[in-house]
Amino acid sequence: MKKQLVTLALGAALGLSASAAFADTLADVQAKGYLQCGVSPSTPGFAAPDANNNWAGLDVDFCRAMAAAIFDDPQAVRFTPLTSKERFTALSSGEIDVLSRTTTWTMSRDTNLGIDFAGVTFYDGQGFMVRKDLGVSSATELSGAAICIEAGTTTELNAADYFSSTGMEYNAVVFEDQDEVVKAYDDGRCDVFTTDSSALAAERLSLANPDENMILPEIISKEPLGPSVRQGDDLWFNITRWVYFALLESEELGITQANVDDMLGSDNPGVRRVLGVEGDFGTAIGLSNDWAYKVIKHVGNYNDIYERHVGANTPVGIERAGSVNDLWTRGGLMYAPPIR
């Protein structure tokens, strides 16, 4: 019994030491002069580098928003591309400061991995893509199909649940990262490609013949995607969470990247609080009171980011109006507590 107690005490001490090592992430980030952000290696619309290694996407801009809040500089961020298997280890080890990588918020991840999710930046759901010449129009017709799947993802688990619940058989063709999955599907090594519907829309564009492929209508899961940070640093968690909320609150109040300077003169108390004109809403999170102004000035509100990277007028082409990703005032799920 004594040996067991000593072992438990040692384990607890090591756990506390691990938490303590990352207990002041803001100070560490400020000291090195940039934010280290973990992203997808290449998911158009969410995170992808161009030929000059300039990163763009909804997840990328969330990290730029954090950098703007902290440094007044959206470029004060470096990006670490991570596979699904690498992402949580990179976060827990301190290799990255925040994970913003099309990652689904689940109970097991939230409670077992020592991480906290700050919010949902995109409500998604898993779907299926097939070649049109396969001759199917519904996921209910996929019995016996060979399906390309990325390892270590909720995609893999959801597919197993779906086919089990429908009594259909399938052959999982599993790969280590998304690029391998896409190539295998494009090369005809499987009949079906399954992942989040937003990623299917993005990855279809990279296929040799995009128009010869179609996304089936069924959505088989809930995939709330959002950024996460290590547990044990409440200040850093609050910064991450409230940068996210500021993107939504500013949109609801009509503050955009285009009009933010004009809005500094607004008589609306809510606008004035968000922009730091009145009140003290920076001290508690270790930032200046105009931190949200810096975010909107440099990066924009949530809609600015969404329409820039994944909206209806982008190649990804995901309509926001009336969808779950719209503001709550327009029938969506996007909702922020007030800054007051």
Side-chain angles (χ1 to χ4, degrees), residues 16 18-37 61-78 91 94 96-100 114-121 226-257 259-302 304-305 327 334-340:
L16 288 173
S19 295
F22 305 114
D24 198 349
T25 310
L26 175 61
D28 293 341
V29 168
Q30 290 173 324
K32 64 188 178 186
Y34 60 88
L35 174 75
Q36 195 74 45
C37 177
D61 270 3
F62 179 78
C63 289
R64 294 202 190 283
M66 289 190 66
I70 297 165
F71 296 108
D72 195 16
D73 180 4
Q75 302 304 318
V77 56
R78 298 181 184 178
L91 180 59
I96 58 174
D97 304 308
V98 60
L99 178 66
S100 183
I115 66 176
D116 285 320
F117 285 83
V120 179
T121 50
S228 56
V229 296
R230 289 178 293 275
Q231 289 179 355
D233 189 341
D234 289 345
L235 179 65
W236 187 245
F237 173 70
N238 283 334
I239 291 171
T240 308
R241 178 169 60 176
W242 282 97
V243 165
Y244 162 66
F245 285 149
L247 296 174
L248 296 178
E249 183 74 348
S250 57
E251 180 188 354
E252 184 175 339
L253 291 169
I255 312 169
T256 70
Q257 188 172 25
N259 71 14
V260 65
D261 286 325
D262 292 336
M263 294 294 272
L264 288 169
S266 172
D267 293 328
N268 184 321
V271 172
R272 294 173 66 81
R273 287 192 295 268
V274 169
L275 298 182
V277 176
E278 65 180 49
D280 181 5
F281 299 100
T283 302
I285 56 172
L287 302 177
S288 62
N289 283 331
D290 63 348
W291 61 272
Y293 164 81
K294 295 172 183 175
V295 168
I296 303 160
K297 176 69 174 178
H298 289 298
V299 184
N301 64 28
Y302 180 83
D304 290 330
I305 295 171
L327 287 179
M334 290 298 188
Y335 184 106
I339 294 176
R340 65 173 311 134

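Minimum heavy-atom separation, F245 to Y335: CE2-O, 4.2 Å. For the pair G226 and T121, the tightest heavy-atom approach, listed with the atom from each and the gap, is CA-OG1, 3.7 Å. Taking both residues in full, the closest heavy atoms of G300 and I305 are given as O-CD1, 4.4 Å, listed atom of the first, atom of the second, then distance. The two atoms that bring I255 and M263 nearest to each other are CG1-CE, 3.9 Å, heavy atoms only. Pairing each heavy atom of V98 with each of S228, the nearest pair is CG2-O, 3.5 Å. For W242 against I339, the heavy-atom pair with the smallest separation is CZ3-CG1, 3.8 Å.
Under the rule for a side-chain contact (heavy atoms from CB on, under 4.5 Å), the partners of D280 that lie at least two apart in sequence or sit in another chain are T283, N289.
Salt bridge absent: D290 and K297 never bring a charged side-chain N and a carboxylate O closer than 4.0 Å.
Looking only at distances, no side-chain donor or acceptor of D262 sits under 3.5 Å from a matching main-chain atom of N259. At least one donor-acceptor pair under 3.5 Å links the side chain of R230 to the backbone N or O of L91. Put simply, the side chain of D304 gets close to the backbone of N301: a donor and an acceptor are under 3.5 Å apart.
Within the structure, every pair that satisfies the salt bridge (Lys or Arg N to Asp or Glu O under 4.0 Å) test and touches residues 242-251, not counting sequence neighbours, is listed here: E251-R320, E251-R330.
The CG atom of L253 sits 13.0 Å away from the CZ atom of R272 when rounded to the nearest 0.5 Å. Atom CD of residue Q231 and atom CD1 of residue I115 lie 8.0 Å apart, to the nearest 0.5 angstrom.
Put simply, the side chain of L26 reaches to within 4.5 Å of the side chain of D24, judged on heavy atoms. Looking at heavy atoms from C-beta onward, V229 lies out of side-chain contact with T25 at the 4.5 angstrom threshold. Residues Q257 and V299 are not in side-chain contact: their nearest non-hydrogen atoms beyond the backbone lie 4.5 Å or more apart. Between L275 and I296, the closest side-chain pair of non-hydrogen atoms falls below 4.5 Å. Within the 4.5 Å cutoff, the side chain of S250 has no heavy atoms near those of the Y293 side chain. Side-chain contact check for F62 versus T240: some heavy-atom pair is nearer than 4.5 Å. Within the 4.5 Å cutoff, side-chain heavy atoms of V243 are placed close to those of W291.
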Steps toward side-chain contact (heavy atoms from CB on, under 4.5 Å) verdict (D97, W236)
CA-CA 9 Å; D97 304 308; W236 187 245; 4.0 Å; yes
Name the atoms and distances for all side-chain donor-acceptor pairs under 3.5 Å in residues 65-77, with sequence neighbours left out.
{"from": "D72", "atom 1": "OD1", "to": "H298", "atom 2": "NE2", "distance (Å)": "2.8"}
{"from": "D73", "atom 1": "OD1", "to": "Q75", "atom 2": "N", "distance (Å)": "2.9"}
{"from": "Q75", "atom 1": "OE1", "to": "R64", "atom 2": "NH1", "distance (Å)": "3.2"}

